[in-house]
Protein chains: 2
Amino acid sequence: MSIDGQLPPKARLLRAAAELLANSGGSAVSTRQVTQLAGVTAPTLYHHFGDKEGLFDAVVAAGFDEYVAGERDFAPSGQPLEDIRRMWDNHVQFGLKQPELYLVMFGNIRPESRPAIVADAEALMEEMLNKAAVSGQLNVPPKEAARSILAANVGVTLMLIAEKVPERNLELSAMTRDAMIFAVSTEQARDNGSVDSGKSSVVVAAIALNAALQASHSDQLSSSELKLFLEWLHRISNSSTS
Amino acid sequence: MSIDGQLPPKARLLRAAAELLANSGGSAVSTRQVTQLAGVTAPTLYHHFGDKEGLFDAVVAAGFDEYVAGERDFAPSGQPLEDIRRMWDNHVQFGLKQPELYLVMFGNIRPESRPAIVADAEALMEEMLNKAAVSGQLNVPPKEAARSILAANVGVTLMLIAEKVPERNLELSAMTRDAMIFAVSTEQARDNGSVDSGKSSVVVAAIALNAALQASHSDQLSSSELKLFLEWLHRISNSSTS
DNA sequence: TAGCACCTATAGCAACGCTATATGAACTGC
DNA sequence: GCAGTTCATATAGCGTTGCTATAGGTGCTA
């Protein structure tokens, strides 16, 4: 049993590692298993990937492309928060479909050696949340919202993976998901699924902020700062006449 | 260097394993390290604990007692949901104080071999949530609420552990915590004051404008003006914390 | 053809989790 | 008081792990 084809050894190693990870059923995957399945000897592996973790990282990178592709396919809707829901579900599905790969990506957390994958996933979610923020649907800064939602998303997925298949209750995921999205969204977004979305933009936001600032006596800026700030705000508000 | 005392070998093994786990700094702890530090040979370990995992489980059980003790100390207040908040914080603190131990307890998730600890922690939280349910403060069954909250709690803690110490932002924890508690609580409980999202409209508007500005490349302000403007905006966006 | 990267294989090291077997010590029944 | 049994520990080593020092082959450029 080997992964031949005429593929070069590097590709065969990747394919073998991915297959073993996907089918290992929770037990560890050894370099010897991988090299044997790839029809290659140990030094080849270490020549191409440095070490075992390097190989797995490469597999994960491929898996992450798939993950991202899934996330992006779901993204075109005009409702950012609805897209976040789909991202969440896609994340969970990815974890349940390929638990071994997922554990390598999100489970093996170690201080000082955090996989870049997590940061990428975070950025992906932040990007989407940014759209929500633009249309005034967000209660907190997108970056923090992304971290918070992703943390809960990972926690739920890990818990579901840890459960035996027949006992898995996706209700857990749905409930946690909605709780997190609800928590970061504004009332406006909650009432109206879509909001005005399209035309929001800088001007609308500036006008809203302008009104809110003048009504609230915020003390985050000094009076001189505030004066200048309001002047700029005014400039922005009046700028795009379109 | 060994853990002598006149303690029996079993206790010495436990102590040695706990110490190595606490100081391992993320790298794996081997049975040989443990037995050497305990001044014992391998079969003794396997006689008492079956295998490596059995030993670590025993260490974890001791650590869990400490964890539970912390949770129970916090519990006597009359407001169950407030107690849940403290349980959450205690959980996070436990994870940050003893990350290695925590990773063994909650991080090494594998299908089919889920540590009993997780179930125990779940039961502990469910017990507390039950009190909330009795007094009509709960929106969903306590069991599901416990699973959901714990999943998010673990996710947040893992994410915080994965971050380098100086970058750790406990706001992430507080925000996620409140979101989860809010989601499972009834309106009655929310009015009671334990949970409050309370962002002013200024903050919401500032967040929206911030996102809109960064997305639109507006040219109404010079780059130096824009820089300062964004800095102030950031200040406003981050001003209100729970 | 000579030289030079690049790639792969042979062989093996040190460390790992774990165990078959044996030996001492402590208790039990008579 | 002694044989039998059980518990607890040690000696020695098995099979596997991640990884590498070294060497050889292959194809390209000069």
Side-chain angles (χ1 to χ4, degrees), chain A residues 1-21 23-60 100-101 103-105 107-108 110 112-113 115, chain B residues 1-21 23-60 100-101 103-104 107-110 112-113 115:
Chain A
M1 207 196 305
S2 75
I3 293 203
D4 298 84
Q6 270 91 336
L7 285 83
K10 185 171 180 177
R12 271 183 292 165
L13 279 168
L14 273 176
R15 191 167 296 192
E19 179 176 328
L20 286 175
L21 269 178
N23 302 336
S24 65
S27 57
V29 175
S30 72
T31 59
R32 281 177 167 83
Q33 288 176 309
V34 175
T35 54
Q36 181 185 345
L37 180 59
V40 171
T41 53
T44 306
L45 190 163
Y46 292 93
H47 172 72
H48 287 292
F49 298 101
D51 60 0
K52 183 184 183 180
E53 194 179 322
L55 170 63
F56 284 3
D57 280 353
V59 173
V60 161
E100 320 307 330
L101 195 56
L103 285 180
V104 173
M105 288 170 68
N108 262 352
R110 296 260 156 72
E112 313 296 323
S113 86
Chain B
M1 210 193 306
S2 75
I3 292 202
D4 296 85
Q6 270 89 336
L7 286 81
K10 186 170 179 178
R12 271 183 290 165
L13 279 168
L14 273 175
R15 191 167 295 192
E19 179 176 328
L20 287 174
L21 270 178
N23 302 336
S24 66
S27 58
V29 175
S30 71
T31 59
R32 280 175 166 82
Q33 288 177 308
V34 175
T35 54
Q36 182 184 343
L37 180 58
V40 172
T41 53
T44 305
L45 190 162
Y46 292 93
H47 173 71
H48 287 291
F49 300 101
D51 60 1
K52 182 184 184 179
E53 193 180 322
L55 170 62
F56 284 4
D57 280 352
V59 173
V60 161
E100 320 306 332
L101 195 56
L103 285 180
V104 172
N108 263 352
I109 296 179
R110 296 258 157 73
E112 314 295 323
S113 88

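Heavy-atom basis, side chains included; hydrogens, waters and symmetry copies ignored.
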Kindly compute the distance separating [atom1] ([X]) from [atom2] ([Y]), expressed to the nearest 0.5 Å.
| X | Y | atom1 | atom2 | result |
| --- | --- | --- | --- | --- |
| A:Leu14 | A:Phe56 | CG | CZ | 11.0 Å |
| B:His48 | B:Arg12 | NE2 | CZ | 9.5 Å |
| B:Thr44 | B:Lys10 | OG1 | NZ | 12.5 Å |

Rounded to the nearest Å, what distance is computed from the [atom1] atom of residue [X] to the [atom2] atom of nucleotide [N]?
| X | N | atom1 | atom2 | result |
| --- | --- | --- | --- | --- |
| B:Leu13 | C:dG17 | CG | P | 13 Å |
| A:Phe49 | C:dT8 | CZ | P | 10 Å |
| A:Leu45 | C:dT8 | CG | C1' | 12 Å |
| B:Phe56 | C:dG17 | CZ | C1' | 11 Å |
| B:Lys10 | D:dA8 | NZ | P | 8 Å |

Practice task
For each nucleotide in nucleotides 23-28 of chain C, reading 5' to 3', give B when a protein heavy atom comes within less than 4.0 Å of its base, S when such contact involves only the sugar-phosphate, and - otherwise.
Solution key: ------
Problem - Options C:dA20, D:dC7, D:dT20, nucleotide nearest the side-chain atoms of B:Pro43 - result: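 Of all the options, the side chain of B:Pro43 is nearest to C:dA20.
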Problem - Nearest-nucleotide pick for B:His48, side chain only, options being D:dT9, D:dA10, C:dA9 - result: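 The answer is D:dT9, which lies nearest to the side chain.
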Exercise for the section: State which residues pass side chain to side chain contact (heavy atoms under 4.5 Å, CB included) with B:Thr31; sequence neighbours excluded, sorted by chain then number. Expected result: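 For B:Thr31 the side chain to side chain contact (heavy atoms under 4.5 Å, CB included) partners, ignoring immediate neighbours, are B:Leu45, B:Tyr46, B:Lys52.
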Problem - Comparing B:His47 and A:Ala42 on DNA chain D - which has the more 5′ nearest nucleotide - result: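 In this pair, the answer is B:His47.
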Practice task
For A:Gln36 and A:Gln33, indicate whether the former's side chain and the latter's backbone hold a donor-acceptor pair under 3.5 Å.
Solution key: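 Side chain of A:Gln36 to backbone of A:Gln33: no pair is present.
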Problem - Any side-chain heavy-atom pair of A:Leu20 and A:Val34 under 4.5 Å - result: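 Heavy-atom side-chain distance check passes, below 4.5 Å.
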Exercise for the section: Taking only the side-chain nitrogens and oxygens of B:Thr41, find out if one of them lies under 4.0 Å from OP1 or OP2 of D:dA10. Expected result: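 Answer yes for this pair, as a side-chain N or O of B:Thr41 is under 4.0 Å from OP1 or OP2.
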Handout entry: Exercise: identify the closest heavy-atom pair between A:Val40 and A:Pro9
Key =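 Looking at all heavy atoms of both residues, the closest pair is CG2-CB, 4.1 Å.
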Handout entry: Minimum heavy-atom distance B:Ala42-B:Thr35, with the two atoms named
Key =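 Looking at all heavy atoms of both residues, the shortest contact is CA-CG2, 4.1 Å.
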Might you list the N or O atoms of the protein lying below 3.5 Å from N or O atoms in nucleotides 16-18 of chain D, with each pair's distance?
unit_1	atom_1	unit_2	atom_2	d
D:dT17	OP1	A:Ser30	OG	3.2
D:dG18	OP1	A:Thr31	N	3.4
D:dG18	OP1	A:Lys52	NZ	2.5
D:dG18	OP2	A:Thr31	N	2.7
D:dG18	OP2	A:Thr31	OG1	2.7
D:dG18	N7	A:Arg32	NH1	2.7
D:dG18	O6	A:Arg32	NH2	3.0

